[in-house]
Amino acid sequence: MSKNLKIPQHIAFIMDGNGRWAQKRGLPRNAGHQRGIKALEKTVDACCKYGIKYVTFYAFSTENWKREKQEIDGIFSLIRDYLNDNPDYFSSKGICVKHIGDLKPFPEDLTSQLIKTEKSTAKNNKIVLTLALNYGGRDEIVRTFNKLLNKKKKVVNYEDISSSLDTHFLPDPDFVIRTSGEKRLSNFMMLQLSYSELYFPKVLWPDFDEKQLVKAIKIYSKRDRRFGGVK
Ligand code: FPP
């Protein structure tokens, strides 16, 4: 990859198109999610290779509870197994695993596996891999306001809000990639994406790979980020 490329510090992925990928092949939707995990793994490897420091994946939204129970249970099993199956994988690659979202409604086995993985990878410092789980931007804002009210705050500034958001440990995403050609944000990090660059490639998430990532970074490099200022 050319030395002139700008590497985003934080990329956030909306992994869309798993269902359509499976449907096109006459497979159940969960087969698409299974391939989606493979794409996630490949993408994390590629992000490490290109020096991206933070990568966030929208894995289960507060709205995804509207899906069939079988699909939801399938996604939960895939996430739990991904975290459980290779205990040394994350540390061997220097990956620090974190989550955003409200874990309360999740099955106990998934939550405890996630907490275990977070603890065992906490000191890794090559890349921070954040999973958005039962995450919704509006839900996060409501929980944040309640945290501030509990602290008896009467007046707040943006720093008070951002340091109480689920994402308090993350810089705002520089770049958001939503696959499958859908052009919307679907309640993902509504405050944090205020100045992010957006990219909506047509590729379905299970087909996303290093080549697609490089193409995306080339597109990001051409964007002129001014944050409301002038050039
Ligand atoms: C969107 O595609 C995908 C999801 C809602 C679930 C994504 C979850 C995974 C890939 C598993 C995550 C695993 C880990 C370890 C984080 P869709 O089902 O809405 O696709 P469609 O729009 O084509 O139906």
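These numbers come from the heavy atoms of this one structure, side chains and all, not from hydrogens, waters or symmetry mates. Quantities reported herein were computed from a predicted structural model and do not represent experimental measurements. Note that ligands are numbered from 1 as they come in the structure, with each ligand's atoms numbered from 1 the same way.
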Asker: Rounded at 0.5 Å granularity, tell me how far CD1 in Ile11 sits from CG in Leu213.
Answerer: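 It comes to 5.0 Å.
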Asker: What protein heavy atom sits nearest atom 5 (C) of ligand 1, and how far away is it?
Answerer: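 For atom 5 (C) of ligand 1, the nearest protein heavy atom comes out as Asn64 OD1, 3.5 Å.
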Asker: Taking heavy atoms and a distance under 4.0 Å, where does Leu40 meet ligand 1: side chain, backbone, both or neither?
Answerer: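 The side chain, only.
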Asker: Quick check: does any side chain N or O of Asn134 sit under 3.5 Å from a backbone N or O of Gly101, one acting as donor and the other as acceptor?
Answerer: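 Checked: no pair found.
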Asker: Please confirm whether the ring centroid of Phe13 lies under 6.0 Å from the ring centroid of Phe188.
Answerer: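 Here the rings of Phe188 and Phe13 have centres that are no less than 6.0 Å from each other.
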Asker: For atom 4 (C) of ligand 1, what is the nearest protein heavy atom, given as residue, atom name and distance?
Answerer: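 It is His33 CE1, 3.9 Å.
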Asker: Which part of Arg67 is near ligand 1, with near meaning a heavy atom under 4.0 Å away: side chain, backbone, both or neither?
Answerer: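 Arg67 to ligand 1: side-chain contact only, backbone stays beyond 4.0 Å.
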Asker: Which protein non-hydrogen atom lies closest to atom 6 (C) of ligand 1, naming both residue and atom, and how far is it?
Answerer: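 Sorting protein heavy atoms by distance from atom 6 (C) of ligand 1 puts Ala59 O, 3.5 Å first.
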Asker: Return the closest protein heavy atom for atom 13 (C) of ligand 1 as residue, atom name and distance.
Answerer: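 The protein heavy atom lying closest is Ile37 CD1, 3.2 Å.
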Asker: Is a side-chain donor or acceptor of Arg35 paired with a backbone partner of Asn18 at a separation under 3.5 angstrom?
Answerer: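 Not a single qualifying donor-acceptor pair exists.
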Asker: What is the closest protein heavy atom to atom 15 (C) of ligand 1, and at what distance does it sit?
Answerer: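 Nearest neighbour among protein heavy atoms for atom 15 (C) of ligand 1, to 0.1 Å: Tyr82 CD2, 3.1 Å.
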Asker: At under 4.0 Å between heavy atoms, is it the side chain or the backbone of Asn18 that contacts ligand 1, or both, or neither?
Answerer: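 Both parts.
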Asker: Looking at ligand 1, would Arg29 count as a contact under a 4.0 Å heavy-atom criterion?
Answerer: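 Yes, that is the case, since the closest heavy atom of the residue is under 4.0 Å from the ligand.
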Asker: Considering only protein heavy atoms, which is closest to atom 16 (C) of ligand 1, and at what distance to one decimal place?
Answerer: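 Of every protein heavy atom, Leu131 CD2, 3.4 Å lies nearest to atom 16 (C) of ligand 1.
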Asker: So, does Tyr58 use its side chain to make a donor-acceptor pair with the main chain of Ser186 at under 3.5 Å?
Answerer: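 Indeed, once roles are kept as given, a pair shorter than 3.5 Å links the two residues.
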Asker: With nothing but distance in play, are any N or O atoms of Trp21 less than 3.5 Å from an N or O of ligand 1?
Answerer: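 In this structure, Trp21 places no N or O atom under 3.5 Å from an N or O of ligand 1.
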Asker: Nearest to atom 20 (O) of ligand 1, what protein heavy atom do you find, and at what distance?
Answerer: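 Looking at atom 20 (O) of ligand 1, the protein heavy atom closest to it is Gly19 N, 3.0 Å.
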Asker: For the side chain of Thr144 and the backbone of Ile161, is there at least one donor-acceptor N/O pair under 3.5 Å apart?
Answerer: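 No, the answer is negative, given that no donor and acceptor are paired below the 3.5 Å cut-off.
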Asker: I'd like to know if the side chain of Tyr82 pairs up with that of Glu41 as donor and acceptor (distance under 3.5 Å, no hydrogens or angles considered).
Answerer: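 No, no side-chain donor-acceptor pair sits under 3.5 Å.
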Asker: Mind checking whether Tyr89 and Val97 sit in one hydrophobic cluster, side chains of I, L, V, M, F, W, Y counted as touching below 4.5 Å?
Answerer: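 Yes; Val97 is reachable from Tyr89 via cluster members.
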Asker: Does Asp16 have a heavy atom less than 4.0 Å from any atom of ligand 1?
Answerer: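 Contact check Asp16 vs ligand 1: positive.
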Asker: Asp81 and Ile37: side chain to side chain contact (heavy atoms under 4.5 Å, CB included), yes or no, with the steps?
Answerer: CA-CA 10 Å; Asp81 295 350; Ile37 294 228; over 6 Å; no
Asker: At what distance is the nearest protein heavy atom to atom 1 (C) of ligand 1, and which residue and atom is it?
Answerer: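 Answer for atom 1 (C) of ligand 1: Met15 O, 3.1 Å.
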Asker: Hey, is Leu204 touching ligand 1 through its side chain, its backbone, both or neither, going by heavy atoms under 4.0 Å?
Answerer: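 Neither part.
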Asker: Please report the interatomic distance CG(Leu40) to CG(Asp45), rounded to the nearest 0.5 Å.
Answerer: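 Answer for the CG-CG pair, Leu40 versus Asp45, is 10.0 Å.
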Asker: Does some non-hydrogen atom of Gly17 fall short of 4.0 Å from ligand 1?
Answerer: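 Yes, that is the case, since the closest heavy atom of the residue is under 4.0 Å from the ligand.
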